[in-house]
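Report on the following structure.
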Amino acid sequence: MSDAPYLNSLNPEQKAAVLQTTGPVMIIAGAGSGKTRVLTYRIAHLIATGVDAFNILSLTFTNKAAKEMRQRIESVVGTEARNIWMGTFHSVFAKILRIEAEKIGYPSNFTIYDSDDSKSLIKSIVKEMNLDDKVYKPNYILSRISNAKNNLIQAHVYLKQSELVTYDETTGRGKIHEIYSEYAKRCFKAGAMDFDDLLLNTFKLLNNFPDVLHKYQHKFKYVMVDEYQDTNHCQYMIVKKLASVFENICVVGDDAQSIYSFRGATIKNILNFEKDYPDLNVFKLEQNYRSSDTIVSAANSVIAKNKDQLQKNVWTDNQLGNKIRVIRAVTDNEEGRLIAQNIFETKMTEQKMNSDFAILYRTNSQSRSLEEALRKLNISYRIYGGMSFYQRKEIKDIIAYLRIVLNQNDEQALKRIINYPARGIGKTSMDRVTVLAAQDDKSPWEIIANAHLYAELKNAIPKFRNFVNMVQSFIVMNQTCNAYDIAMHVARSTQLLKILNEDKTIEGISKYENVVELLNGIKEFVEDDTNEVEKTLSNYLQDIALLTDADKQDDHADNVSLMTIHQSKGLEYKNVFVAGLEENLFPSQMSLGSRSDLEEERRLFYVAITRAEEDLTLSFATSRFRFGSLLPCEPSRFIDEIDNNYLQLERKSITRPKQTIGNISKPSSSVPNLRKTIAKQNPRTANRPPALENFEAEAMDDIQVNMRVEHQRFGKGMVTKLEGEASSMKATIIFEEFGEKTLVLKFAKLRKL
DNA sequence: TACTAAGCTCTTTTT
DNA sequence: GAGCTTAGTA
């Protein structure tokens, strides 16, 4: 009997993994070993051999990955593939929760809070509890809460976990459990779930409602999880529950690429999988089809430094290829320039497309200098991540209105728009509303909708009434309109469009364009007839709540890709640049505390270099403009960890240079407003150096200065003595006399010119 | 209450 | 650099 044609393209290990369709299966898939292929064909094979697509659940890492996989499966087995439940944990569980919401006391159109919403809620709770927001920082609190949720610890349980509470007390944050309780209560009252709630509530649902569990256990006869090394405890428990009847569970992952512990992922899930399923079938995919031998070997030499890992041997048949290049630059801007130049030249000499190149970095903020350099050489690029479209203020404002139309109890959306555009409802009134809401155990909306019942609010009654009436008119309209009509109506009748359109500053124009783009997006959603989804506002908001930048449609333009290493997971490019290989940046200074954190950074580095197929370039700068000042940098230890045989540059040339560059500070916020500042001197700042005369930044653009700091002091004094040669920073340098022969140097960024 | 400039603080990664 | 708070003015 001959195999189905799709099986012929697989190697023996891959094929074995595809054919083992029943029972517990773990596929350890090294970098570039054709994991997606296996997963795709495995599902296709299930369907081809008679399994109903409705019975398959496939959890992937991004929605985009799910979409692509679905298309590939469709090309093998046809439209049946559309019925597979496939998506990220968050999106699949959100779908389940919408169906079952009432069981756990939520409305089915619950709002999904993004992390901005969560942080801002935490912030107001901290304030209401009169706690010090320097101690109770929203980011920190949120990560504590998130961690707890990911470990299935609900607020009332947190309180009883002495370890947690004691830990909080020793760090001086003994009230965290109270904040957690209040946060959970407020989310619930707002009909809102944060990202972690999508997981936690799914667990609760399955755990507390046997009928629901039974339903989904029997629906999902086959469960598949991709990137299993990046699942957290909660996800693990859910998957385990769902698969416990049929035990047809297949997880795919690579412990060497586990890079999400900061959001609760635990490598234990993959290391201990065998214990959960004694009759487990393990398949190892070790042949790398992606990268040159040099890159594979270099990657192996790096990852070998980690202790926590499963035994495997990634190898390749591919050619030896070029050595790994190391670029050393003086500043981040020079680094960008060298990389851009390199891309430019390689494109010429090797006939490559922009899309053959990717520049990867550790933090989103690194993209700026790279972008500028690419722009100068007219190389088109695309940035993934960073400030995403949906996080922009103008977009969030519109979305907040739309959220309120569906769910008036949505506290965060309400606070955002109640006085935007200004309708005379100020801080004082809203503070009172918050207090009343807490007293009466109501949502803020319920208070303002009944403002006449509260004497404290009498001055604001007419204003509240107007607002409530407006929202109610939207609600009525929404019952008969599609998403686009209501969104357009909201944007117009709130004057938001008009206000933005009247703002003719560069930022204003771009904001207006963004809102128009959003409205067009909604229009597209409404006009899209490739699916049967009803074109309601509710469905639209559900659609976008869990979209990420990685999910965005490829625009098929020929672009160089810029993204963080985290985002690059699963992708591959012919030429990869890893920028910013500096100690404290990569590895991040926050992960130097423990061995396991440092090992995760090393895995991250491993992920970065294994994205490359042909050429890999590592770069670092000896000084970098960060947080408004120029900071000295040392090359990353990871460069040293690569076996010297694979590096093009000799080790001695990357040894640490004597640092002569120190912090160079500019007076904060003086630069963008420089011209305005000159006009009037504020008495409070009169004892500071006078503002600078008008200057021509553009004219000085090409100045190259290297500098040496001899003495400096910051803060109010701002006395800095610098001298020397120039660096290639795109900065304007202005000399100014102040007091006794003190030289003050200021940098101005040229972005706005 | 609304607006502005000045000044301070925090800088990781993402669903 | 960005986002936020504060202080001062309108």
Side-chain angles (χ1 to χ4, degrees), chain A residues 60-63 87-94 112-116 118-120 123 133-134 137-140 143 146 150 193-199 230-232 235 259-265 360-366 368-369 384-388 391 393 419-430 459-460 463 545-551 563-569 580 584-591 597 600-601 603-604 607-608 625-629 631 666-674 676-677 679-685 688 691 715-716 747 749 751:
Chain A
T60 56
F61 203 68
T62 62
N63 289 304
T88 60
F89 276 91
H90 290 85
S91 66
V92 167
F93 294 168
I112 296 174
Y113 274 177
D114 66 15
S115 27
D116 286 343
S118 301
K119 272 181 235 166
S120 116
K123 217 168 156 182
D133 61 359
K134 300 268 178 340
K137 292 178 191 166
N139 265 326
Y140 181 80
S143 84
S146 171
N150 288 331
M193 298 190 197
D194 67 15
F195 289 135
D196 303 309
D197 287 334
L198 294 175
L199 309 179
D230 285 324
T231 52
N232 61 39
Q235 291 167 324
I259 54 175
Y260 278 96
S261 71
F262 67 90
R263 68 180 213 215
L360 310 180
Y361 36 79
R362 181 66 178 81
T363 70
N364 281 303
S365 58
Q366 286 168 255
R368 193 191 45 83
S369 53
Y384 295 78
M387 170 80 114
S388 91
Q391 284 172 294
K393 179 187 177 300
N419 200 32
Y420 180 78
R423 25 178 97 82
I425 303 175
K427 199 173 157 299
T428 326
S429 307
M430 282 313 286
N459 293 333
K463 295 165 187 167
L546 294 169
L547 272 193
T548 68
D549 251 36
D551 298 326
M563 67 186 85
T564 63
I565 301 164
H566 282 90
Q567 298 217 0
S568 75
K569 168 134 47 141
N584 293 333
L585 179 61
F586 190 17
S588 156
Q589 103 195 76
M590 318 197 64
S591 40
D597 284 352
E600 177 152 329
E601 293 284 311
R603 290 194 291 269
L604 197 55
V607 168
F625 213 79
R626 276 173 92 191
F627 320 134
S629 42
L631 301 173
K666 67 181 174 55
S668 102
S669 71
S670 65
V671 176
N673 300 314
L674 204 51
K676 281 188 239 162
T677 317
K680 57 179 174 183
Q681 272 289 328
N682 188 316
R684 282 194 303 147
T685 58
R688 291 214 326 222
K716 290 172 190 114
F747 287 97
K749 293 262 160 179
R751 252 171 90 184

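Naming convention: chains lettered A, B, ... in sequence-line order (proteins, then strands); numbering from 1 in each chain.
As rounded to whole Å, 12 Å separates atom P of B:dT12 from atom NE2 of A:His566. What separates OH of A:Tyr420 from C1' of B:dA2 is a distance of 14 Å, to the nearest Å. Remark: P of B:dT12 and CD of A:Gln589 are 9 Å apart, rounded to the nearest angstrom. One interatomic measurement links the two molecules: CG of A:Leu199 to C1' of B:dT15, which rounds to 8 Å at whole-angstrom precision. Computed from coordinates, the A:Asn139 CG to C:dC4 C1' distance equals 13 Å when rounded to whole Å. If you measure from atom CD of A:Gln366 to atom P of C:dA2, you get 16 Å, rounded to the nearest angstrom. Taking atom OH of A:Tyr384 as the reference point, atom C1' of B:dT12 lies 21 Å away to the nearest angstrom.
Within the 4.0 angstrom heavy-atom criterion, no nucleotide atom of any strand lies near A:Ser591. Within 4.0 Å of A:Lys123, counting heavy atoms only, lie sugar-phosphate atoms of the nucleic acid but no base atom. Among the atoms of the strands shown, none is found under 4.0 Å from any heavy atom of A:Thr231. In this structure, A:Phe89 reaches neither bases nor backbone, as no heavy-atom distance under 4.0 Å exists between it and the strands shown.
Listed by chain and number, the residues in a ring pair (Phe, Tyr, Trp, His ring centres under 6.0 Å) with A:Phe262 are A:Tyr260, A:His566 (sequence neighbours excluded).
Closest to the A:Ala422 side chain, of the nucleotides B:dT15, B:dT13, B:dA2, is B:dA2. Picking from B:dT14, B:dT12, B:dT15 the nucleotide with the shortest atom distance to the side chain of A:Phe195 gives B:dT15.
Partner of A:Lys569 under the side-chain contact (heavy atoms from CB on, under 4.5 Å) criterion, chosen from A:Leu604, A:Thr62, A:Ile259: A:Ile259.
For DNA chain B, if you chain together Watson-Crick or G-U pairs that step i with j, i+1 with j-1 and so on, the runs of at least three with distances under 3.5 Å are B:1-10 with C:1-10.
Of the side-chain N and O atoms in A:Thr564, one or more sit less than 4.0 angstrom from OP1 or OP2 of B:dT14. Remark: A:Thr428 is in phosphate contact with B:dT1, judged by side-chain N or O atoms under 4.0 Å from OP1 or OP2. The side chain of A:Asn419 contributes an N or O atom lying less than 4.0 Å from OP1 or OP2 of B:dA2. Applying the 4.0 Å criterion to OP1 and OP2 of B:dC10, one finds that A:Lys137 has a side-chain N or O inside that range. Of the side-chain N and O atoms in A:Ser118, none sit less than 4.0 angstrom from OP1 or OP2 of B:dT15. Put simply, A:Gln567 has a side-chain N or O that comes within less than 4.0 Å of OP1 or OP2 on B:dT14. OP1 or OP2 of B:dT13 sits under 4.0 Å from a side-chain N or O of A:Asn364.
Between A:Asp196 and A:Met590, it is A:Met590 whose nearest contact on DNA chain B lies nearer the 5' terminus.
You cannot call A:Phe262 stacked on the base of B:dT12; the centres under 5.5 Å and planes under 30° rule is not satisfied.
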